[in-house]
Asker: 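Below are the structure tokens for one structure; questions will follow.
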Amino acid sequence: MSDTEIESPEVPNDAADPDPQRNDIELSVDGLVKRFGGITAVDGASFEVESGAMTGLIGPNGAGKSTTFHCITGIHRPDGGTVRFQGRDITGIRPYECADYGLVRTFQIAREMANMTVLENLMLPAQNQSGEQLWRSVLPFARQEVEREERELLERVWEVLEFFEIEHIAEEKAGNLSGGQRKLLEMARALMIEPEMLLLDEPFAGVNPTLEHKLLDHIHELREEGYTFLIVEHDMDLIMENCERVIVMHQGSVLAEGAPETITSNEQVIEAYLGGEV
Amino acid sequence: MSTNTTDRRAQLESLWEHDAVKILAVFGTIYITYALVGLALGYSLDGIVNTLRRMTYLIAVYGMVTLALNLHWGYTGLFNIGIAGFMAVGLYVTMILAKPADPTGAAQYAGLGLPMPIAIIGGVVAAGLAGLIVAIPALRLRADYFAITTIAFAEIVRLGITSGALQEFTIFGTELGTGGGRGLIRNYGDPMNVIFELEVFSSFVDLTNSLFGFGPTQARALAYSMVLVLVLVGIYWLIQRTSRSPFGRVLKAIREDEEAAQSLGKNTNHFKIKVFVLGCALMGLAGILWRFRRTGVTPEAFRPHVTFYIWIALIIGGAGSNTGSVLGSGLFVAILFEGPQYFRRLVDQVVTFGDAPNTFAGSVAPILSGDVAPFVRYTFEEFTTLQFVLMGVALIVLMHRRPEGLLGHREETAAAIPLTRRPGDESTAGRGGDSS
Amino acid sequence: MSTVDTVIDRGRGMTTEQLLLLVVGLGAFLLLGDLIIGILNGTYSISRVARYVVEGTLYGLIIGLAGIGLSMTYSILNFANFAHGDYVTSGAFFGWGVTYLVAGWGAASFGHLVLVAPQRGVGGAQLEIAITSTPFAIMAGLLVAGIGTALFVYLIDRIVYKPMRGSGGIPLLITSIGVAFALRYIIVFVYSNRTRGTTLGGLPSFDLLLVDGWVSIDVHDGTLIVAAVALMLGVHLMLQRTKLGKAMRAMSDNRDLALVTGIPTEQIIRWTWMIGGGLAGSAGYLMVLWTGTIDWQFGWLLLLLIFAAVILGGIGSIYGAIFGGLIIGISMHLSMVWLPGGDFTTITAFLIMILVLMIKPSGLFGGKTTA
Amino acid sequence: MSMLDVNGLDAGYGDLQILSDVDLTVAEEEYVVIVGPNGAGKSTAMKSVFGLTTYMGGSVEFREEEITGRTPDEIIHQGIGYVPQNDNVFASLTVEENLEMGAYILDEVPEDALESVYDQFPILRERKDQKAGSMSGGQQQMVAMGRALMLDPDLLLLDEPSAGLAPDLVDEMFDHVDAINDNGTALLVVEQNAKKALRRCDRGYVLVQGQNRYVDSGDALLNDEEVRQQFLGG
């Protein structure tokens, strides 16, 4: 990892970037390292994600994108480097603490709770539910309060269902949904946490074009509401058209970082993707 | 009319959807069958009622444990096969706490002489603590390792109370004992005396006497079974509340995908520890109620068999359903536990067998010459053994044919309120007729 | 939501286990130190400690031998088979029936002999069964224990496990509990629940004077050592040299890859069951030869110890199973130095297992290395 | 007449359909590559030939014989070999044992096949007693290819043989793949290194979102601006 000199964010970022908040850094990853046995999956990756922006994380298979996600969100514990979220060091955080900070992820393969209904799936992530304390759920007086909270929560769940236009599957078991519906559910569920930043791991994989557009519209709508997005995606078109900034990973480290236009013309990136000496 | 019959079937099916109907139908069938068979054979009324009473007692106790196991396995996916150990902790601690401090006569070992309610609370807390001790190291383990750990724990408990070293011991200057292999004798008053000494109880005794020809002992046993049914209802209520809540929702999520639940901000370990301790405490309570009225207890009562029974009951009923747990324990007791014995008594009454051969060889040899009678006689002689074989086979067949049990396919919604329609929307439009 | 600084625990993951390892290591070190000092200053009798080690080793060989089979099925079929202990018992009864028949042909009825004397009467002592007096009967019995159990286990696989091949580890585990239960009581039904002696007492033995007392190894101890080591060596050679053995290792390594490589996985599974079952049956037979008694539930009581050994050594590793068996056997017996009476030997074994699961769940030989 | 004929194949995993109406052909001794962006269904297409996916429609014929629905070991008997992408060696077996496993269906280990694999990959002969799991990624890939060659298949399916290799090893791996083809084995190769693969192959398929997008000779595809865009998003 010694010779992987990380480009400082300013260098490739010469393209016009109208975002006024561009100095407001939501997430920064510095020198991240993750090894599995003898294999170094992430090898000194460093990058930053600006608040309120939509950033794409791309790279060929095996570049370490998903592992980077896992390290940020605590599924894996990094072997080196730091992760800062809104200025706080969250390196080695536990997965459930992430949600407390407002940092929420989705999984590449949707991880719906297959035997729970869509409604249950969506009620699950809500934070600070007093009913998650055992005694409050049991004792009669506290229970009334729990039921009141549940009704409020259900209201919110329906709003989210409406937002994603999936009210018709509300009572369906999540395991019976189609692949695309699962993706929607996965994102809806992440939103129920009321996060500040969303990490989406291949949100469009296995989604048909119609649904893909819908999903993108939702993401843009949310972005306007102030959410920050970091998206791992293999569909280059999609990333180039929708993201303000793109981070390219290759062999565990960041190969390039910048506006989409600068990325497409970057020779290194082309080589990494086409695997040819151009 | 075919439409008429389908209508009726649909009606019946919708009726069957109600848990109360299910319970009534299953238990009604069980009790009526037992009673009818008894009547047909000319059993005395008090004999029949006594059989039903004993069955009620067993169903209530096993039902409590099955509900607790459902909380562990059905809801959270914690593979506990150390049930007998937690029951043993509950009962032994309660008995040691309740036994008088000065041992007299046959009751060799001293206890603390505490009042029964405190002793029961002590036993339940001890079983919960035992659960905590097992949970903290074991919860990180894979399900199969977790299972092995729990059964090892149960065996440690059983071997520990059997060991001579703990037969009698002194702690903080107080002499106590588990009785070792010889067990403990109950030399405290009947824990049910609170009820039995009530004025009204004597009229209950009179009533049972005039109805079924019961004596006072039988009347007490009947009253005890009824109390246990009330406790079962209480535990059912408790667990229903636990599971139909945000708490229960997290439990289900842990069962489905623990890592995803963590990513959604749930500290799953906290939930697992809480629910494991709660279930173990309930198992302890069931252990206490199971045997604290008996004249004594030996460690033999807590062989892994008990755990096995509960698992069969759970799988019959269907993991994940509380109603299923109760139905499962009913069916287990009626068909697999008491049924074969009842059947045997039936046959004994109808047919008079000659002497059975002493060995399997003695029973098989005549088959070669076409005489099956000795084999049948031997089989009857060894009926209790075959009953265990039957239980094992039943478990295998269930896992092959219907691993989801009676009600396991049906998911019970984990929320404190019904999730059938949109809140505030009284019509059914909220069901999503407006799909895009 | 607690404060930011307390929820971030930088050192998590490693420390709990390292701390535990430290505590356990320290405890083991202290006990070992105490043992050495005790021996040196005469608190503990050398010959007694030596006897514990010898007995523990013999017991460990049995556990290890039975453990190989469990470990193989665990790693290749991916489930903990709770019926394995009852395979051990079944094998012992098959084998001893044949031993009785060969040693006592004509001395009692066929049925009495083949059922290992279900009633009082002619038994092992009357038939003077011992490796010195009836070597052929014992060898025949051991052979039948191995082969008979292998076939029996294959039959069980066909009827019970094969229809559930695609199921996960947990349904299979639950099913195996049912198999264990049914099997155990079929044994009672057929062979009766009587505990009986199987061998002649007062065997010739080799005695060694060790400072303050004797350590003796009798001919059945010797037979156990020879047979167990031979079988272990056989399994080792089978796994290393034969195509079947290599395929078994390949499958335990990576079942999906084995499938696309063209290894007939179903056939390998069948052989795994048969070899594992055969070893379990042999271990059961040798256990009975060694202890001189047989009853219907000794295999079940052995099962958790076998699990302890397999987990200790690391599931999938046959050397781990052998090594784990020896450690479990020896520590069980050595525990009597501090906890006399023998009440706590089994508890010791279970506690060791639980500690291993807490510190290094993959076992000492680190999991997938069926080599 | 082509050797492998895939016609209108629909396939996926469970109820998730990945491929729709995919056509592929490979002629005797031909070298065919499938390229396409991540997630296009390249590996799925290859696995479908080998019977490892859920069949949903269409046909797969090998030498005019329908092979859909057959199990992998039956397909191996037909003369097709397959090298999966990840975890493709038995880590705890030695190199030679790995190779022997490739010929499990034969009664004897074919010594001449073993020798020819060793000739092709001399490093494997040197390390034949080493545990495969302890070898480098490139060497493991050779073990996996060698294992599949033990039965001298007529058609070899290679799933991203260059994946995860250091850049300088990628060319070496491509040379090995070429050599296999030169020995008369037809190849169907999935590749991410699209440029390199297309330069060497006889014919290439571009798969996008589970469907055929382009078929042409390697060079033609390489110079096609549209194909280029599929990868870089214009």
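The sequence lines fix the lettering, A, B, ..., with proteins before strands; numbering per chain opens at 1.
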Asker: Can you tell me which portion of B:Leu278 sits under 4.5 Å from chain A's heavy atoms? Options are side chain, backbone, both or neither.
Answerer: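 Contact with chain A is through the side chain of B:Leu278 alone.
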
Asker: Would you say the side-chain atoms of A:Glu150 pair up with the backbone N or O of B:Ala416, donor to acceptor, closer than 3.5 Å?
Answerer: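 Present.
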
Asker: If we ignore hydrogens and angles and just use 3.5 Å, is the side chain of B:Lys266 paired with the main-chain N or O of A:Leu124 as donor and acceptor?
Answerer: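 Yes, B:Lys266 side chain to A:Leu124 backbone: donor-acceptor pair under 3.5 Å.
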
Asker: Where on A:Leu139 is there a heavy atom nearer than 4.5 Å to chain B: the side chain, the backbone, both, or neither?
Answerer: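 Backbone only.
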
Asker: Does a side-chain heavy-atom distance below 4.5 Å link B:Arg255 with A:Asn115?
Answerer: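 Sidechains of A:Asn115 and B:Arg255: in contact.
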
Asker: Restricting to side chain to side chain contact (heavy atoms under 4.5 Å, CB included), what partner residues turn up for B:Ala261, sequence neighbours left out?
Answerer: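 B:Ala261: side chain to side chain contact (heavy atoms under 4.5 Å, CB included) contacts with A:Met113, B:Ala253, B:Thr268.
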
Asker: Tell me, for A:Leu153 versus chain B, whether the close heavy atoms (under 4.5 Å) come from the side chain, the backbone, both or neither.
Answerer: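 The side chain, not the backbone.
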
Asker: Please confirm whether the backbone N or O of A:Tyr96 pairs with a side-chain atom of B:Gln262, one donor and one acceptor, at under 3.5 Å?
Answerer: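 Between the backbone of A:Tyr96 and the side chain of B:Gln262 there is no qualifying donor-acceptor contact (under 3.5 Å).
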
Asker: With a 4.5 Å cut-off on side-chain heavy atoms, are A:Cys98 and B:Ser263 touching?
Answerer: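 In short, these two side chains do not touch, never coming nearer than 4.5 Å.
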
Asker: Are the charged groups of A:Glu120 and B:Arg249 less than 4.0 angstrom apart, N to O?
Answerer: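 Looking at B:Arg249 together with A:Glu120, the answer is no, because their closest N to O distance does not fall below 4.0 Å.
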
Asker: With side chains defined as the heavy atoms from C-beta onward, is the minimum distance between A:Phe107 and B:Glu259 less than 4.5 Å?
Answerer: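 Sidechains of B:Glu259 and A:Phe107: in contact.
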
Asker: Look at the side chain of A:Gln127 and the backbone N and O of B:Leu264, then say whether any donor-acceptor pair between them is shorter than 3.5 Å.
Answerer: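 Flag set: sc A:Gln127 to bb B:Leu264 pair under 3.5 Å.
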
Asker: Show every ring pair (Phe, Tyr, Trp, His ring centres under 6.0 Å) that has at least one partner inside residues 126-148 of chain A, sequence neighbours left out.
Answerer: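 Counting only pairs at least two positions apart or across chains, no ring pair (Phe, Tyr, Trp, His ring centres under 6.0 Å) contact touches residues 126-148 of chain A.
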
Asker: Pick from B:Leu238, B:Asn267, B:Asp257: which one has the most heavy-atom pairs with chain A under 4.5 Å?
Answerer: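 Of the options given, most contacts go to B:Asn267.
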
Asker: For chain B, which candidate among A:Met192, A:Gln129, A:Arg189 shows the most heavy-atom pairs at distances under 4.5 Å?
Answerer: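 That would be A:Arg189.
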
Asker: Heavy-atom distances under 4.5 Å only: say whether A:Arg111 touches chain B with side chain, backbone, both or neither.
Answerer: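 Both parts, heavy atoms under 4.5 Å.
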
Asker: If we ignore hydrogens and angles and just use 3.5 Å, is the side chain of A:Glu132 paired with the main-chain N or O of B:Val250 as donor and acceptor?
Answerer: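 Flag not set: sc A:Glu132 to bb B:Val250 has no pair under 3.5 Å.
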
Asker: Determine the minimum heavy-atom distance between A:Gly131 and B:Ser245, stating which atoms define it.
Answerer: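 Of all heavy-atom pairs spanning A:Gly131 and B:Ser245, the closest is O-OG, 4.2 Å.
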
